[in-house]
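Order of appearance sets the numbers: ligands from 1, and atoms from 1 within every ligand.
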Amino acid sequence: MLSKTDYPLNARTLRPVLLSALVASTLALAQANPPAKPLPPGPMQPKIKAACTQCHAADRIAEKHFSREQWSDELDKMTTLGAAVPDSQHDAFLDYLTANFGPLKGVVRKTRKDAAANSDAK
Ligand code: HEC
């Protein structure tokens with residue numbers, strides 16, 4: 001006969017099972033997003049890697065959330081500093097950077113432009 005404490009699936013026996021499931025899923029998530037590869041894969045990834053990680057780590061790029069316009073300015077700045085971005089690749093670089101390191105989605109941020117636009121409206 002099974003007494004209450006003998007029953008195998010009570011909360012106490014389930015806890016380690018649930019815990020290890022949680023740990024496993026957390027590990028899986030961490031692996032899906034490894035911090036060591038800040039440049040998301042794609043046809044442009046090797047080109048960006050070659051042109052943009054000679055002087056600094058890719059983190060320098062990945063930590064940014066620039067608009068297309070800002071990335072365009074940034075590309076110009078890096079080209080001036082010595083980055084080799086072929087003219088024919090300029091737009092492709094811009095597409096990759098904006099698509100992967102664009103402005104944060106779902107975050108409302110006041111830019112200086114917004115502030116200027118608001119003060120103009122008054
Ligand atoms: C010739 C060396 C060199 C190359 C190549 C280079 N960078 Fe930079 N990068 C720098 C330096 C130097 C800084 C720091 C500039 C500063 O502090 O004003 C920097 C800083 C940055 C920053 C931080 C923002 C800033 O302006 O300080 C970003 C983003 C960036 N680089 C992106 C890129 C991208 C994208 C590429 C490839 C197209 C690239 N870099 C290639 C030298 C380089």
Side-chain angles (χ1 to χ4, degrees):
M1 178 184 111
L2 284 174
S3 75
K4 213 172 183 185
T5 48
D6 289 337
Y7 194 68
L9 285 182
N10 62 21
R12 186 185 297 193
T13 53
L14 271 179
R15 195 177 296 148
V17 177
L18 290 174
L19 265 181
S20 57
L22 187 71
V23 167
S25 57
T26 308
L27 282 176
L29 273 179
Q31 270 173 0
N33 205 356
K37 281 188 196 161
L39 295 176
M44 284 309 293
Q45 195 237 32
K47 295 180 185 165
I48 296 274
K49 208 170 172 185
C52 306
T53 58
Q54 297 164 6
C55 307
H56 49 68
D59 301 24
R60 196 76 175 254
I61 298 161
E63 70 191 13
K64 299 296 179 202
H65 300 285
F66 287 166
S67 66
R68 193 177 174 86
E69 211 183 334
Q70 288 170 311
W71 273 121
S72 184
D73 290 347
E74 194 64 35
L75 269 187
D76 291 346
K77 178 178 171 181
M78 291 305 134
T79 311
T80 310
L81 285 171
V85 181
D87 278 353
S88 62
Q89 295 282 300
H90 183 273
D91 286 358
F93 269 61
L94 211 47
D95 289 345
Y96 178 92
L97 292 168
T98 312
N100 292 301
F101 314 113
L104 286 176
K105 291 182 187 94
V107 178
V108 180
R109 284 190 305 175
K110 278 251 174 226
T111 63
R112 236 181 281 160
K113 240 183 190 170
D114 289 338
N118 287 339
S119 63
D120 282 347
K122 273 174 200 158

Chemist: For residues Arg68 and Asp95, report the shortest heavy-atom separation together with the two atoms involved.
Modeler: NH1-OD1, 2.8 Å

Chemist: Which heavy atom of Ala51 sits nearest a heavy atom of Ala83, and at what distance?
Modeler: O-CB, 4.1 Å

Chemist: Apply the test side chain to side chain contact (heavy atoms under 4.5 Å, CB included) to residues Tyr96 and Ile61: give CA-CA distance (whole Å), side-chain angles for both, the deciding distance (0.1 Å), then the verdict.
Modeler: CA-CA 11 Å; Tyr96 178 92; Ile61 298 161; over 6 Å; no

Chemist: Would you give the length of the straight line joining atom NZ of Lys64 to atom CG of Leu104, rounded to the nearest 0.5 angstrom?
Modeler: 12.0 Å

Chemist: Which residue and atom name correspond to the protein heavy atom nearest atom 26 (O) of ligand 1, and how close is it?
Modeler: Glu74 OE2, 2.6 Å

Chemist: Under a 3.5 Å distance rule, please check whether Trp71 uses its side chain to pair with a backbone N or O of Gly102 as donor and acceptor.
Modeler: no

Chemist: What are the atoms of ligand 1, with element, lying closer than 4.0 Å to any heavy atom of Cys55?
Modeler: 1 (C), 2 (C), 3 (C), 4 (C), 5 (C), 42 (C), 43 (C)

Chemist: Using only heavy-atom distances, determine whether the side chains of Ser67 and Gln70 contain a donor-acceptor pair under 3.5 Å.
Modeler: yes

Chemist: Just jot down the ligand 1 atoms closer than 4.0 angstrom to any heavy atom of Leu75, in number order.
Modeler: 38 (C)

Chemist: Nearest protein heavy-atom contact for atom 36 (C) of ligand 1: which residue, which atom, what distance?
Modeler: Cys52 SG, 2.8 Å

Chemist: Is there side-chain contact between Glu74 and Phe66, with heavy atoms separated by less than 4.5 Å?
Modeler: yes

Chemist: For atom 5 (C) of ligand 1, grab the closest protein heavy atom and report residue, atom and distance to one decimal in Å.
Modeler: Ala51 O, 3.3 Å

Chemist: Regarding ligand 1, does Lys64 bring an N or O atom to under 3.5 Å of one of the ligand's N or O atoms?
Modeler: no

Chemist: Suppose I only count heavy atoms of Val85 and a 4.0 Å limit; which atoms of ligand 1 are within that range?
Modeler: 38 (C)

Chemist: How far is atom 16 (C) of ligand 1 from its nearest protein heavy atom, and which residue and atom is that?
Modeler: Lys77 NZ, 3.8 Å

Chemist: Which atom pair, heavy atoms only, marks the closest approach of Pro40 to Asn100?
Modeler: CG-OD1, 3.5 Å

Chemist: Have a look at atom 8 (Fe) of ligand 1 and estimate, to 10 degrees, the angle subtended by SD (Met78) and NE2 (His56).
Modeler: 180°

Chemist: Counting heavy atoms only, which of Gln89, Gln70, Arg60, His90 comes nearest to atom 29 (C) of ligand 1?
Modeler: Arg60

Chemist: Determine, considering heavy atoms only, which of Ile61, Leu81, Ile48 sits nearest to atom 11 (C) of ligand 1.
Modeler: Leu81

